[in-house]
Amino acid sequence: SGNSGFTMFPGQMWEKVLAKVKRAVVFMDDKCAESLHWNGGAITLFEAGALNVKQFSSFESSGENEPKAVFVVSTLLKGRTVDIIKDIISLSHFQYCVVFTTVAHSVHLLANNVSVELEGKPVFEQLEEKLCEWMGNMNYTAEVMQAPVVFAPVSQQLLLAPAFAHLFPLLPPDLELINAKRPEKKRFGNISDVDMSSLPTNLQIEIKSLASALNSLFETTCTREESFAVGPMSRLIAAELTNHSQAKNRRKTAPNKASIIFVDRTMDLTGAVGHHGDNLVEKILTVLDLLPGHATDIQVDMMELTSLHSNKLSQGTVAPGCLAQTPSSPARELWEAMLNSKQKAAMMEVRRHLVEAASKENLPIKMSIGRVTPEQLCSYVQLFRSDWEALESHGGVLQLGLATAQTLRHPALPRWDACLGCQRLLLQALGDSDFPTVLRQLLPMMKPMSKSGPAGPGAQRPSEDCGPEEMILLLIFLYSLADEAQPWPHQGREEEEEEELEKTERELIGALTLVITQEAELSPLLQKITGCVSVEEVTAPLVQSALERVFETLRGLTLLRDHLKHLKSVYTGSDGVHQASYQPFLEQVLQEVFHPDHRDCPDLEHMSGGLTDLLKTGFSMFMKVTRPHPSDHPLLLLFLVGGVTPSELRLVRDVAAAHKPGSQVRSAPNTLSVGSVGLASCVSVCVSLVFYSVCAFTR
């Protein structure tokens, strides 16, 4: 079945919800709404007979003539979630309530400290009784069930899990917090030693929920999977999936076979914050604002399709457009091309689709060849203003056209090229100098707003100057490559290097504090780092202590690949002919998977339950044990814990295409499926080093 079963799975899970919404008011939380957004949007609920869709909030309710409610939530049915359901019911006149949660009943038992398997689904049954009680009549109808509506089919190769957008691999500062709660003799020496039971309960529940959702994915597609993991968080998720109570039966009978490789995003943060990706969607995700409440889609200003003048007064009068296209939309083909092509080819495709749409509607289009410009794209889009039918038929293509134009003329875009140039220079510098010396090169670039140009309200930084966000990205870029720098020139005096590094870091913190305190407004990233919402709250001591915590995390980035044996580096030094370059971690993983010798890679840890574990450890001394290999099966899924960038998606496609069956690889998977928990733009990645996890599937 290739990967089609996997891309159809999210829609099949929504069918369970759609079957219940007839004549109902639907209350939905943000995470489920984001999943629905990529699965056809709210219109699918109305087509299934829903009366209304409202936010899952204590301030919402429904009228007397609306006796049926459907709640769709991404959380455990306890605490605040149950309080909100009770509030909504008490303000309404329901006689029939259906509650869907994405969290499995088994996870609810764990959250209620029940460790034994129980008959039936007591947690759900108890809530059903409560619902009838709140509706005021025990004869009314209440149903509570699970629907794992957590995946969003972003393209044919990519599933995202926006519900787990904040799930990010552990970092060294997390280890200190975990150890602080343990007796001294039982403290962990390394992140890779951390086990599931030592994690905070809410994180355990997140991991178990994700494993349960993946189990449903494999169950629905009748797949028996072999799991592999690279990185501590990946190992915990893979082990949870391997030992899932329902997975063992499925693996005995499932006819389809697949390999799934879990990879921690922290194995390669260089790629996540790098600006080398020649991809249009990556730039769109980086410069345009996110849709409110979303982690995976942006808002497109649709004012150009109206006769309104775009100004402060008219803002918010027209709903924003977005990138998400339904699978049946004519724009889906364009979206796939934008996601999978280089920027120049993608821009040509946007223009071609706009020209074809205008020609189809007999609009007076002026053909143009040569460079694609934002003005040209806008002039094509504006042709549709006066023709409502044409506008409706081609809405998807128009949104993608406007997203492209707004990105190309965005004032922050020149900074992309400035960062790219800077990152190339830093890559060369790492081959020539020690780390403190390379780090010093960032100091002259840290210019406060007043030095860059006129300060004051509405002040703009010169477009090519890097702002505080870009500086943080460059710091992550450098620290993720710190091990590649040249050794300290004075052998035997390494403590001098440590002193020099601390001194440089203090100077960087001072310079960056000055830059942030003089910003005209705080971006979402700076709000997150400082804990302040507006510029007025910002003080130098507050910013300084926030940046000290950031540098503590940055220092930990240098240790993240230490436990690996082969895949230790993402850097290739200059050889005199070629410049120093970045070699993506994912590319190295796939080269191991597709290697013609089918060789064993110790860094791709195979997760297995039962006897094979014993074989791997004890008996392997006495007998030859062949470990399973990721290329043993016809389908390969990559699950990136912490997100994937569009340029990595293209890289996965290219590497898979180069190793098609029939070339020198005998058993290369003919379908490559990438999985992870979120599309990462440069900026979203570095929001306290958290972006989303993604499940991607590549033909």
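What's counted below: heavy atoms across the whole structure, side chains too, no hydrogens, waters or symmetry copies. Keep in mind that what you see is a predicted model, and the values were worked out from it rather than measured.
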Tightest non-hydrogen contact, residues M267 and L564, listed as SD-CD1, 3.9 Å

Output the distance between atom CG (L604) and atom CZ (F228), rounded to the nearest 0.5 Å. 7.5 Å

Can we call the ring centroids of F435 and Y479 under 6.0 Å apart? yes

If you look at every heavy atom in A147 and M13, which pair is closest and at what distance? CB-O, 4.4 Å

To the closest 0.5 Å, what do you measure between CD (E548) and OG (S545)? 6.5 Å

Would you say the side-chain atoms of S212 pair up with the backbone N or O of K208, donor to acceptor, closer than 3.5 Å? no

Do V570 and L481 have side chains that get closer than 4.5 Å, going by heavy atoms? yes

Do S569 and E484 get their side chains close enough for a donor-acceptor pair, meaning under 3.5 Å? yes

One pair to check against side chain to side chain contact (heavy atoms under 4.5 Å, CB included): F551 and L508. What are the steps and the verdict? CA-CA 10 Å; F551 271 82; L508 286 165; 3.9 Å; yes

In Å and rounded to the nearest 0.5 Å, what is the SG to CD distance from C532 to E537? 5.0 Å

Show your reasoning for whether salt bridge (Lys or Arg N to Asp or Glu O under 4.0 Å) applies to E500 and R440. CA-CA 10 Å; E500 184 60 30; R440 281 197 159 278; 3.4 Å; yes

Determine whether a donor-acceptor pair (N or O, by modelled atom type, separation under 3.5 Å) exists between the side chain of D434 and the backbone of Q486. no

Would you say the side chain of L170 lies within less than 4.5 Å of the side chain of L175, judging by non-hydrogen atoms? no

Would you kindly say whether H606 and E226 are connected by a side-chain donor-acceptor distance under 3.5 Å? yes

I191 and L559, any side-chain heavy atoms less than 4.5 Å apart: no

Could you give me the CA-CA distance, side-chain angles and deciding distance for E225 and S259, then say whether side chain to side chain contact (heavy atoms under 4.5 Å, CB included) is met? CA-CA 5 Å; E225 86 290 354; S259 299; over 6 Å; no

Quick check for you: to the nearest 0.5 Å, what is the distance between L430 atom CG and Q441 atom CD? 8.5 Å

Which heavy atom of S58 sits nearest to which heavy atom of D87, and what is that distance? OG-OD2, 2.8 Å

Under 3.5 Å, is there a donor-acceptor pair between the side chain of T220 and the main chain of L217? no

Consider only side-chain N and O atoms of T296 and H294, and report whether a donor and an acceptor are under 3.5 Å apart. no

In terms of ring plane angle, is the pair F124 and H108 parallel, tilted or perpendicular, where the classes change at 30° and 60°? perpendicular

Between V263 and F639, is there a side-chain heavy-atom distance shorter than 4.5 Å? no

In sequence, state the C-alpha distance, the side-chain angles, and the governing distance for D29 and S74, and then conclude on side chain to side chain donor-acceptor pair (under 3.5 Å). CA-CA 7 Å; D29 71 13; S74 59; 2.8 Å; yes

L557 CG to T266 OG1 distance, which is reported to the nearest 0.5 Å: 8.5 Å

Within the 3.5 Å criterion, strictly below it, is a donor on D195 or S198 matched to an acceptor on the partner's side chain? yes

Assess whether salt bridge (Lys or Arg N to Asp or Glu O under 4.0 Å) is satisfied between R555 and E505, documenting all intermediate values. CA-CA 10 Å; R555 278 203 160 196; E505 286 180 344; 3.0 Å; yes

Would you say P162 and K31 make side-chain contact, with heavy atoms under 4.5 Å? no

Will you find, in the side chains of S523 and E469, an N or O donor that is under 3.5 Å from an N or O acceptor? yes

H633 side chain to L635 backbone, donor-acceptor under 3.5 Å: no

Take K130 and E125, measure what salt bridge (Lys or Arg N to Asp or Glu O under 4.0 Å) needs, and give me the verdict at the end. CA-CA 9 Å; K130 284 264 183 252; E125 288 155 21; over 6 Å; no

Are the side chains of F100 and V149 in contact, using a 4.5 Å heavy-atom criterion? no

Side-chain (T81) to main-chain (G79) donor-acceptor, under 3.5 angstrom: no

Whether H244 side chain and A211 backbone form a donor-acceptor pair below 3.5 Å: no

Do R265 and E648 meet the salt-bridge criterion of a basic N to acidic O distance under 4.0 Å? yes

For residues K568 and D562, report the shortest heavy-atom separation together with the two atoms involved. NZ-O, 2.7 Å

When L439, L442, T437 are each screened for side chain to side chain contact (heavy atoms under 4.5 Å, CB included) with T504, the one that passes is L439

Roughly how far apart are L214 CG and F9 CZ, rounded to 0.5 Å? 8.5 Å

Keeping D603 on the side-chain end and K565 on the backbone end, is there a donor-acceptor pair under 3.5 Å? yes

With no hydrogens and no angle check, just 3.5 Å: does a side-chain donor-acceptor pair link Q146 and T102? no

Do the side chain of N112 and the main chain of V114 share a donor and acceptor less than 3.5 angstrom apart? no

Go through T539 and Q544 one step at a time and tell me if the side chain to side chain contact (heavy atoms under 4.5 Å, CB included) criterion holds. CA-CA 9 Å; T539 63; Q544 188 169 337; over 6 Å; no

Note, L77 side chain near V123 side chain (heavy atom, < 4.5 Å): no

If you take all heavy atoms of R250 and R224, which pair is closest and at what distance? NH1-CA, 4.2 Å

Sub-4.5 Å side-chain heavy-atom contact between L586 and D268: no

Just to verify, what does R599 make a salt bridge (Lys or Arg N to Asp or Glu O under 4.0 Å) with, not counting sequence neighbours? E592

Passes side chain to side chain contact (heavy atoms under 4.5 Å, CB included), V82 versus W134? Steps please. CA-CA 11 Å; V82 174; W134 298 332; 3.3 Å; yes

Restricting to non-hydrogen atoms, name the atom on P10 and the atom on F151 that form the minimum distance, rounded to 0.1 Å. CB-O, 3.4 Å

Taking N243 for its side chain and E240 for its backbone only, find out whether a donor-acceptor pair lies under 3.5 Å. no

Have D264 and S234 got a donor and an acceptor in their side chains that come within less than 3.5 Å? yes

Donor-acceptor check, side chain of R187 to backbone of N179, threshold 3.5 angstrom: yes or no? yes

